[in-house]
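Written below as structure tokens is the structure these notes are about.
Numbered from 1 within each chain, the chains take letters A, B, ... in sequence-line order.
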2 protein chains.
Amino acid sequence: MVTLKEIAQMCGVSISTVSNIINGKSNVGEDTRRKVLEVIKQTGYKPNYFAQGMRKQKTRIVGIIVEDLNLFSTTPIVGAIMAYFEDHDYRTILIDMRLYDKWQDTWYNDEQKIQSVLQPSIKELLSIKVDGIVYIAGHCRIINCFPNDFKIPAIVVYGLSKNPRFTSVIIDDKKGGYDITKYLISAGHRRIGVIAGTADNLHTMNRSLGYQQALFEEKILFNPDLIRYGDWMRESGYSEAEYLVNSGVTAIFCMNDIMAAGAYDYLYEKGIKIAEDISVAGYDNNVISEYLRPALTTNEIQLNEIGQESAKVMLKMLENKYIPSKNPDIIEIPCRLVTRESVKKYKLEPASGNTVVS
Amino acid sequence: MVTLKEIAQMCGVSISTVSNIINGKSNVGEDTRRKVLEVIKQTGYKPNYFAQGMRKQKTRIVGIIVEDLNLFSTTPIVGAIMAYFEDHDYRTILIDMRLYDKWQDTWYNDEQKIQSVLQPSIKELLSIKVDGIVYIAGHCRIINCFPNDFKIPAIVVYGLSKNPRFTSVIIDDKKGGYDITKYLISAGHRRIGVIAGTADNLHTMNRSLGYQQALFEEKILFNPDLIRYGDWMRESGYSEAEYLVNSGVTAIFCMNDIMAAGAYDYLYEKGIKIAEDISVAGYDNNVISEYLRPALTTNEIQLNEIGQESAKVMLKMLENKYIPSKNPDIIEIPCRLVTRESVKKYKLEPASGNTVVS
DNA sequence: TTGTAGGCGTTATCAA
DNA sequence: TTGATAACGCCTACAA
């Protein structure tokens, strides 16, 4: 790889002249500039990042830490962030903590486990001298990522920073739960069961809130029995669907598509026709939702938008142009309702008594 | 971030002594060593990679270039590679060329387009001074990645290097096609249709070869009409399934799971019972295969193994310990048959005349 | 308009 | 056993 020095020698000028030309300084003669530029092009010179990074204390590298790259939500976010930074002449370096890989489901309430991987990862990035760090969570939790005296810009994506000093970018789960419930209600359903995620999960709580809000607005009594807590897995969708069907619901809102698939399993087994006999909605717009039969109506998590927005915020921070609009600064990205075949109009039998769910 | 100099000052010793201790040199007094080590621990000192990389000409960073991170096959490979290097004290830097994002399907026969993104990416990594480069293709093609005089170790994964100097790691498609066909035959099928990928694709060609080999071994006449070329998309699975059903096949081997889903669409629409009336097999073990009904028998591409093997080879190269076993050096990773519900025993009616497919 | 010198943090060489 | 010094490639203040 060619260096400044070599270019200078080839052109018969000094190193600083070449440097000045590259950095667009105006104090260089036209002839010299042309000649040097020519040689640079020929040799395909590129500055050495290490030398550059050492000299200026900026590297134009942004570090991305992900909890687990194999989660369906993580890659699109990462992709969008990388794309954005690439377009703005920043490089990114990605660290995959592989938390699920290492500990399956046992880590996210175990601060110690997380920190034991997170701290070295952060130090790693710091020693690479990244200009900023983006932390991407695997699901929405309150996360203690960065110490209060953290020196470089940092944000938390798809999770909430415990420390209000750091901006968080999350999805608007409350509105998500609200929208999908409203949609179900607009299709005539009034007895709507929910297969929720784990009870202590923020997604679960906020989507439930949205669900309740929608019921309230439509003057439907909220029956807590109709909220069943699963564990996001297919099997729990199956078993909770059984319960809800026996409770006489006409529609089921599953808080992810995987559990919706589990509900499908149950309904199929029992010969209950989805869309005809009962409506089902999911959440995430996971690839599988297109391949379930009937295709699943769901709420798309706009992962690209999340990534892009995060990158945008980070870039502003790097340029010292970011002003948080509130404190704590939480940016909520809306979900997008994707209507497919699994929800059908429910015909109310008049005086059937199910106008109000009891 | 603490520097060597500061540590030296705090301990009242010289910079070189500290450096020697960190690098495990033996020419240091026991007392000094203990004291310095103590301070290093307290301050959480980590060497500055830029300074280090500048000094030694090695960075212990491996560059990974992917054609598109959003492809289902890419992330697991990347994950496995990162994991392996992390365990061996190497860092990785990932560049996502986003080829599909930029040009959809129009790039992979367009050398110019590819090179216009690839060359800057390589230069980028070179200027970061990575010790080696792993190129991950989105699908198997002959790819012209690296020039003949490339200075650092480089390999091509999930694709074939045009230049035989570079090692390639690919899947064993021939055996894959063979295995799945054998399996279908062992279930009693003799008239087996194929929904292949695009005709000029290496996956298509090799899987077809495996299919033919299996037929040959079982003394089944190969009927070229039963190979239909799709374009890997769901719709083409639908239409080619129609053709094959009309040709009277008892089983369909789809060269990816997406097209198998398309075949499902057709069969479902026509009321043809999968597994009962006709058997279907896919390829990839895409997530969706578990959610199709009946669950799809398919051939798993062992992406983790591919990643791991690639990383292993690259590491050996970095340590100058790699000796290619053949030239060109192509490492083939076998696929793994995943049997589910979509293939059922076909009962031969005696003297039905379909022992030999004509 | 161009060139010189110093320093970013580390390691290697050599001298003390 | 320890320390001074040069060098890696680049940028910048300042001198010429």
Side-chain angles (χ1 to χ4, degrees), chain A residues 1-37 39-40 43-61 91 123-131 151-152, chain B residues 1-37 39-40 43-61 89 91 123-131 151:
Chain A
M1 198 109 247
V2 201
T3 67
L4 265 193
K5 198 181 184 176
E6 297 175 89
I7 302 261
Q9 279 169 350
M10 290 166 77
C11 300
V13 294
S14 80
I15 296 175
S16 34
T17 301
V18 181
S19 173
N20 282 334
I21 291 169
I22 288 168
N23 292 290
K25 294 281 190 326
S26 58
N27 54 351
V28 184
E30 207 31 62
D31 284 359
T32 328
R33 158 170 284 123
R34 236 198 315 274
K35 185 159 68 176
V36 171
L37 246 26
V39 175
I40 286 175
T43 54
Y45 167 82
K46 273 215 112 187
N48 177 322
Y49 275 116
F50 288 92
Q52 224 172 24
M54 222 169 112
R55 183 56 246 251
K56 335 203 246 192
Q57 291 289 22
K58 302 268 170 238
T59 54
R60 292 189 84 84
I61 296 181
R91 272 136 297 285
K123 261 176 108 180
E124 170 85 18
L125 289 179
L126 253 24
S127 94
I128 297 175
K129 293 264 178 284
V130 297
D131 292 348
K151 296 282 191 305
I152 58 174
Chain B
M1 197 108 244
V2 201
T3 67
L4 267 192
K5 197 182 186 178
E6 295 175 272
I7 303 260
Q9 279 169 349
M10 290 166 75
C11 299
V13 294
S14 79
I15 296 175
S16 6
T17 302
V18 181
S19 173
N20 283 334
I21 290 169
I22 287 168
N23 293 292
K25 294 280 189 330
S26 56
N27 55 351
V28 185
E30 209 27 66
D31 284 0
T32 329
R33 159 168 283 124
R34 236 198 314 275
K35 184 159 68 176
V36 171
L37 248 25
V39 176
I40 286 173
T43 52
Y45 167 82
K46 272 215 113 186
N48 177 323
Y49 278 116
F50 287 93
Q52 226 171 23
M54 219 167 113
R55 187 54 247 242
K56 334 202 247 192
Q57 290 293 20
K58 301 267 168 241
T59 54
R60 292 191 83 83
I61 297 181
D89 192 30
R91 272 137 298 286
K123 260 176 111 179
E124 171 86 19
L125 289 179
L126 252 25
S127 96
I128 296 175
K129 293 262 177 288
V130 297
D131 292 347
K151 296 281 192 306

Please determine, for the side chain of [X], which listed nucleotide ([options]) has the closest atom?
X        : options                  : answer
Ser19(A) : dT12(D), dG9(D), dT11(C) : dT12(D)
Ala51(A) : dG3(D), dC10(D), dC8(D)  : dC10(D)
Thr17(B) : dT2(C), dG9(C), dG3(D)   : dG3(D)

Checklist entry - For dG9(C), does OP1 or OP2 lie under 4.0 Å from any side-chain N or O of Gln52(B)? => result no
Rounded distance (nearest 0.5 Å) linking atom [atom1] of [X] with atom [atom2] of [Y]:
X        : Y         : atom1 : atom2 : answer
Arg91(B) : Leu125(A) : CZ    : CG    : 10.5 Å
Arg34(B) : Ile21(B)  : CZ    : CD1   : 11.5 Å
Glu6(A)  : Met10(A)  : CD    : CE    : 8.0 Å

Just how far, in rounded Å, is [atom2] of [N] from [atom1] of [X]?
X        : N       : atom1 : atom2 : answer
Met54(B) : dA7(D)  : CE    : P     : 13 Å
Ile22(B) : dT10(C) : CD1   : P     : 7 Å
Ile21(A) : dC10(D) : CD1   : P     : 14 Å
Lys56(B) : dT11(C) : NZ    : C1'   : 8 Å
Asn48(A) : dC8(C)  : CG    : P     : 18 Å
Asp31(A) : dT1(C)  : CG    : P     : 11 Å
Lys5(A)  : dA5(C)  : NZ    : C1'   : 14 Å

Checklist entry - Can you tell me if NZ on Lys123(A) sees more than 12 non-hydrogen neighbours from other groups inside 6.0 Å? => result yes
Next on the checklist: More than 12 heavy atoms of other residues, nucleotides or ligands under 6.0 Å from NZ of Lys46(B): yes or no?
Outcome noted: yes
Checklist entry - Mapping Glu30(A) and Asn23(B) to their closest nucleotides on DNA chain C, which lands nearer the 5' end? => result Glu30(A)
With a non-hydrogen cut-off below 4.0 angstrom, is [X] in contact with a base, only sugar-phosphate, or nothing?
X        : result
Lys25(A) : sugar-phosphate
Tyr45(A) : sugar-phosphate
Thr3(A)  : sugar-phosphate
Ile15(B) : base
Leu4(B)  : base

Next on the checklist: Looking at Val39(B), is its backbone amide N or carbonyl O close enough to the side chain of Thr43(B) to form a donor-acceptor pair, meaning the two atoms are under 3.5 Å apart?
Outcome noted: yes
Item to check | Nearest heavy-atom neighbours spanning Thr59(B) and Phe50(A) | outcome: CG2-CZ, 3.4 Å
Restricting to nitrogen or oxygen on both sides, can you table the protein-nucleotides 13-15 of chain D pairs closer than 3.5 Å?
none

